[in-house]
Each structure stands twice: as structure tokens, then as C-alpha cells.
Amino acid sequence: QVQLVESGGGLAQPGGSLRLSCAASGTISSVGAMAWYRRAPEKERELVATITAAGSTNYADSVKGRFTISRDNRKNTVYLQMNSLKPEDTAVYYCNANIRPFNWNIETFWGKGTLVTVSS
């Protein structure tokens, strides 16, 4: 009943920008920490950025100073603003969130991913 849907992926040039969005939908009681992960070709999944319900953020060293994670609790949405993109940022980006559905126990949900390709 609850799902996460990512959007905003696509093709960007090196040095360009993209903004990813992930909206949680369904009968939701509360949304806790949210995060962005990514998996590059032939690499393991890595954590890109996290944001707590209170707004505290953490970033992977590889994206510090370039990416910004934020959230809009009114919309149950998390964003990832990606600036100064590099070819090595090419990956499928996945949204993750801890969500308590209405009248149910808290669960970890994953989006299905959105592809970001950085190439000239």
C-alpha cells in the first residue's frame, strides 16, 4: 500500500545538475529517516546521503560539497540536488525511507530506482 517513487533521473553533462525527487505515497502515519543510495555499473550499492526526520544530514565523501539532500515533510518527499556532476556519478539512484504505515508497524521501503547518466 505504501510505495516510494523516484523521478528526475536522466542524462546530464559533466559539470551539470540534476534534481532527484522521491515521494512516499499511501496511508502513512509517519516518515522517519530518508536516504539516497546508488549503484554504479559493476559496483556495489553505496549510501549517498541521509536525512533524519529532524533534518540532520550526512553525505558520502565522494559527493560532499556537490550534492544536497533535503525533504518536504508536508509532501513526504525527499530530494537530492546534484551539482557539478561527474561521469563517476553515473548510477541507478534508489530512494530509501523508514515509514510507519497507518495502523501498522514501521518498515523500510525502497524505490525502484531512477537512472542518472553523466556523459558528454
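Note that the coordinates shown come from a computational prediction; the quantities given were computed from them, not determined experimentally.
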With hydrophobic residues grouped by side-chain heavy-atom distances under 4.5 Å, do [X] and [Y] end up in a single group?
{"X": "Met34", "Y": "Ile28", "result": "yes"}
{"X": "Val116", "Y": "Val92", "result": "no"}
{"X": "Phe109", "Y": "Trp36", "result": "yes"}

Measuring only between side-chain heavy atoms, which start at C-beta, is Trp104 closer than 4.5 Å to Thr27?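 SC-SC contact between Trp104 and Thr27 ruled out.
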Taking the side chain as C-beta and beyond, is there a heavy-atom pair between Arg71 and Thr77 under 4.5 Å? no
Is there a side-chain contact (heavy atoms from CB on, under 4.5 Å) between Val31 and Asn98? Walk through the geometry before answering. CA-CA 6 Å; Val31 179; Asn98 293 326; over 6 Å; no
Kindly say whether Thr117 contributes a backbone atom to a donor-acceptor pair with the side chain of Thr90 at under 3.5 angstrom? no
Does the Glu6 side chain pair with the main chain of Gly113, one donor and one acceptor, at a distance under 3.5 Å?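 Yes.
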Can you label the angle between the Trp110 ring and the Tyr94 ring as parallel, tilted or perpendicular, going by 30° and 60°? perpendicular
Check step by step if side-chain contact (heavy atoms from CB on, under 4.5 Å) holds for Phe102 and Gln1. CA-CA 10 Å; Phe102 179 75; Gln1 186 168 194; over 6 Å; no
[X] [atom1] to [Y] [atom2] distance, which is reported to the nearest 0.5 Å:
{"X": "Ile51", "Y": "Ser56", "atom1": "CD1", "atom2": "OG", "value": "8.0 Å"}
{"X": "Cys22", "Y": "Lys112", "atom1": "SG", "atom2": "NZ", "value": "13.0 Å"}
{"X": "Phe67", "Y": "Leu80", "atom1": "CZ", "atom2": "CG", "value": "6.0 Å"}
{"X": "Arg19", "Y": "Ser7", "atom1": "CZ", "atom2": "OG", "value": "8.5 Å"}
{"X": "Asn103", "Y": "Ser29", "atom1": "CG", "atom2": "OG", "value": "8.5 Å"}
{"X": "Asn76", "Y": "Ile99", "atom1": "CG", "atom2": "CD1", "value": "7.5 Å"}

Over all atoms of both residues, closest heavy-atom pair of [X] and [Y]:
{"X": "Ala60", "Y": "Leu47", "result": "CB-O, 3.4 Å"}
{"X": "Ser120", "Y": "Pro14", "result": "N-CD, 3.7 Å"}
{"X": "Ala35", "Y": "Thr50", "result": "CB-CG2, 3.7 Å"}
{"X": "Val78", "Y": "Ser70", "result": "CG2-O, 3.2 Å"}
{"X": "Arg100", "Y": "Ile106", "result": "NH1-N, 3.7 Å"}
{"X": "Asn96", "Y": "Tyr37", "result": "CB-CE1, 3.9 Å"}

For the pair Asp72 and Tyr79, evaluate side-chain contact (heavy atoms from CB on, under 4.5 Å) and give the outcome as yes or no after the intermediate values. CA-CA 8 Å; Asp72 185 339; Tyr79 305 94; 4.0 Å; yes
Around atom CD of Gln81, are there more than 12 heavy atoms of other residues, nucleotides or ligands at under 6.0 Å?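 Count over threshold, so yes.
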For residues 24-40, which residue pairs pass the salt bridge (Lys or Arg N to Asp or Glu O under 4.0 Å) check, not counting sequence neighbours?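 Applying salt bridge (Lys or Arg N to Asp or Glu O under 4.0 Å) to every pair that reaches into residues 24-40, excluding sequence neighbours, yields Arg38-Glu46, Arg38-Asp89.
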I would like to know whether Lys86 and Arg66 meet side-chain contact (heavy atoms from CB on, under 4.5 Å); could you show each step before the answer? CA-CA 10 Å; Lys86 304 175 180 179; Arg66 300 189 298 119; 3.8 Å; yes
